Every structure is written in C-alpha cells, then in structure tokens.
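Quick caveat: nothing in here was measured; it's all calculated off a predicted structure.
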Amino acid sequence: MPRYAPALLFAAAMTLAGCASTRADRAGDGAAQPQLVLVTTADWNATQGRLQRYLFEGGQWLAVGEPVAVSIGRNGAAWGRGLRAAPDDGGPLKREGDGRAPAGMFAVGTAFGYAETAQTALAYAPMSASHYCIDVPASPLYDRIVDARRVGDEAVKGSTEPMRRDLHADGDPRYRLGFVIAHNPAHVPGAGSCIFAHLQRAPGEPTAGCTAMSDAAMDELLAWLRPQARPLFVLLPQAQYRAVWKPWGLPQPVAD
C-alpha cells in the first residue's frame, strides 16, 4: 500500500464568515464564490468518511450535490498542519508513516494524473514515470513532487511514492487522477508528506493518509472546482467538527 502526504503548488486560503448551511441542488459556475470540500468521519480512528461540497453564496454555505463515500487513512485521522492551528484537545498529531489522514483546513492544490490533460479548471500536472513525491524526511525535497530527469536519480532514491503507480506498482490506478491537499505547506520534516485526494482501488479500501473516492466522484469534483474560488479542503471527525465549525467559519453541523 502506498504512503501518502502533500506537495506541489497550492491556492491561498480565504477567511469566510460562518453561516447556517442550506442544500442547493444547483452548483452554479463557482467562478467567484468560495468553495469548500468537507470530509467528516465518525471519530479519530474511523477509516471511512462522507464528502460534501459547499458553495458560499448569498451569505451562507449551500450544499452542492449529494454526499459521497470516501476512504481515509488506514489508522484514521490526526491533526495536520494547515490553514488553522490545531486545537490543543489531546487529539493525535500527524506524523510521517503513521497511516493517518491529516485533519484540519487546507488549501486545494494542483491536480495531477496519468493523462496529458484533465477535465478541470485547476492547474493540472501530467505525471510521467520519472515523477516522485519525496517522502524521505531527511531529503531537502521532502514533501515535494519532483521529476528525476531534472533533480537526478540520487535525489529520488529511497522515495516510496512514484506518481505513476500504474508503471511502478503493477498497474495501480489510484493516481490516475487526483489533486494535492496542501497539508504541511512549510514541508516540516517528519510532519507528513504527499497528501492527496485520489481514486480508490476498491470501495472502502483505506489509504496510508490520503482521501480516496470513486472515479465518478473525482470526475465531478474536479469539474466543479475553480481556482478563482480559492477552494478549501476540510477533514474532521464529527466531535472536532462540532467544536470548531463556528470559529472556523464552516457550515453548521448536520444533526446526527
């Protein structure tokens, strides 16, 4: 199973006022209104979650489309390094190789995939057999996606994260399409690297720290995201979400 973490270019965050959420079946063009991708899980150790898209319009968060099932880290989630400081609540902290997805608020970064182009307005980077995300904490390139043709084979030595998993890992399709979740934007060694949203190999299969979804869900999400909207990605267990939704300016929690 691959190990995951954040890298690549990422969008700046926008501070948003918190309001009650109202369901909206129309997505709109999302060209200017802030966008939010929200993943909630049952608790810190849950490996499955629920993803809901939101658009901030008319002074409130509007839910877009239906929620979709996603898988996260094989050991659940842990507080990551993002756009909001992690509360001092005793929750676990994200570390390299811990098998947990980073919890918190993060910018949505560059999309990537195996094909030369993708149906998305996000910046898109086609991956080749020489692209790696560096998950070696001692490397000066830690938590960055690099091309061995440019940085040299020695620079990617020891990395377990080839970006063309179809070529390096027996046809693995998971990185055929995805995008960077900008956890650990300062690339702090050992704090977790190469965190992505990507395709699932099988329904319900957990990851090593990323968020995985079906092909259809990824296609719809990438087609909807707009860089002008400075989209945010938030992942939180339900109890932590209820504690921070108002100060973080997020949609009001849905009743259990």
Side-chain angles (χ1 to χ4, degrees), residues 1-10 47 70-75 80 94-102 106 108-120 122-185 187 189-219 221-222 233:
M1 181 179 296
R3 299 170 60 195
Y4 308 104
L8 284 175
L9 304 175
F10 56 91
T47 63
V70 296
S71 299
I72 65 164
R74 62 177 178 269
N75 293 321
K94 174 66 184 168
R95 294 288 183 267
E96 183 68 41
D98 62 2
R100 292 181 179 268
F106 312 98
V108 170
T110 301
F112 60 83
Y114 298 167
E116 285 300 312
T117 61
Q119 296 299 311
T120 183
L122 296 177
Y124 177 79
M127 297 290 101
S128 70
S130 57
H131 280 97
Y132 288 79
C133 188
I134 305 301
D135 55 2
V136 181
S139 171
L141 298 174
Y142 179 69
D143 187 36
R144 294 169 173 85
I145 294 177
V146 300
D147 188 339
R149 294 172 298 184
R150 296 187 177 184
V151 301
D153 290 338
E154 278 298 310
V156 303
K157 188 175 181 179
S159 173
T160 65
E161 206 57 56
M163 296 304 296
R164 284 299 300 266
R165 299 197 62 81
D166 58 331
L167 302 177
H168 291 277
D170 299 324
D172 190 335
R174 282 174 283 184
Y175 288 1
R176 183 182 64 78
L177 198 58
F179 61 86
V180 172
I181 298 170
H183 160 68
N184 194 16
H187 313 298
S193 60
C194 315
I195 300 297
F196 309 134
H198 62 69
L199 302 177
Q200 61 187 11
R201 184 166 53 182
E205 181 183 49
T207 73
C210 294
T211 297
M213 65 194 74
S214 69
D215 290 29
M218 179 63 74
D219 288 343
L221 183 55
L222 284 177
F233 183 95

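- Distance check: Arg164 CZ to His131 NE2 gives 10.5 Å after rounding to the nearest 0.5 Å.
- Remark: aromatic rings of His168 and Tyr132 are close, center separation under 6.0 Å.
- With hydrogens and angles ignored, the 3.5 Å screen pairs a side-chain donor or acceptor of Asp135 with a backbone N or O of Thr160.
- For the atom pair CE of Met127 and CE of Met163, the computed distance is 5.5 Å after rounding to the nearest 0.5 Å.
- The shortest heavy-atom contact between Leu167 and Ala129 is CD1-CB, 3.7 Å.
- Between Met213 and Ala197, the closest heavy-atom pair is CE-CB, 4.2 Å.
- In this structure, the ring of Tyr175 has its center less than 6.0 angstrom from the ring center of His198.
- Side chains of Gln119 and Asp219 form no contact here, defined as non-hydrogen atoms less than 4.5 Å apart.
- Nearest heavy atoms, Leu177 versus Ala118: CD1-CB, 3.9 Å.
- Proximity of Ile134 to Val156: side-chain heavy atoms (C-beta onward) are separated by under 4.5 Å at one or more points.
- Classification of Asp215 and Arg176 as a salt-bridged pair holds, one side-chain N sitting under 4.0 Å from a carboxylate O.
- A salt bridge between Asp153 and Lys157 is absent, with no side-chain N of the basic residue lying under 4.0 Å from a carboxylate O of the acidic one.
- Between Phe106 and His183, the ring planes lie perpendicular to each other; the angle is over 60°, past the 30° to 60° tilted range.
- Comment: Asp98 does not engage Arg100 in a salt bridge, judged by the lack of any side-chain N to carboxylate O separation of less than 4.0 angstrom.
- Going from atom OG1 of Thr110 over to atom CZ of Phe179 covers 11.5 Å, rounded to the nearest 0.5 Å.
- Rounding to the nearest 0.5 Å gives a distance of 5.5 Å between CZ of Arg165 and CZ of Arg174.
- Annotation for Ala155 and Ser139: closest pair O-OG, 4.4 Å, computed over non-hydrogen atoms.
- Remark: side-chain polar atoms of Asn184 are not paired, donor with acceptor, to backbone N or O of Ala191 under 3.5 angstrom.
- Contact between Leu199 and Ser214 at its shortest, heavy atoms only, is CD2-O, 4.1 Å.
- Of the inter-residue distances, the one linking Ser130 atom OG with Arg149 atom CZ reads 3.5 Å to the nearest 0.5 angstrom.
- Listed here is the closest heavy atom pair of Phe196 and Cys210: O-CB, 3.0 Å.
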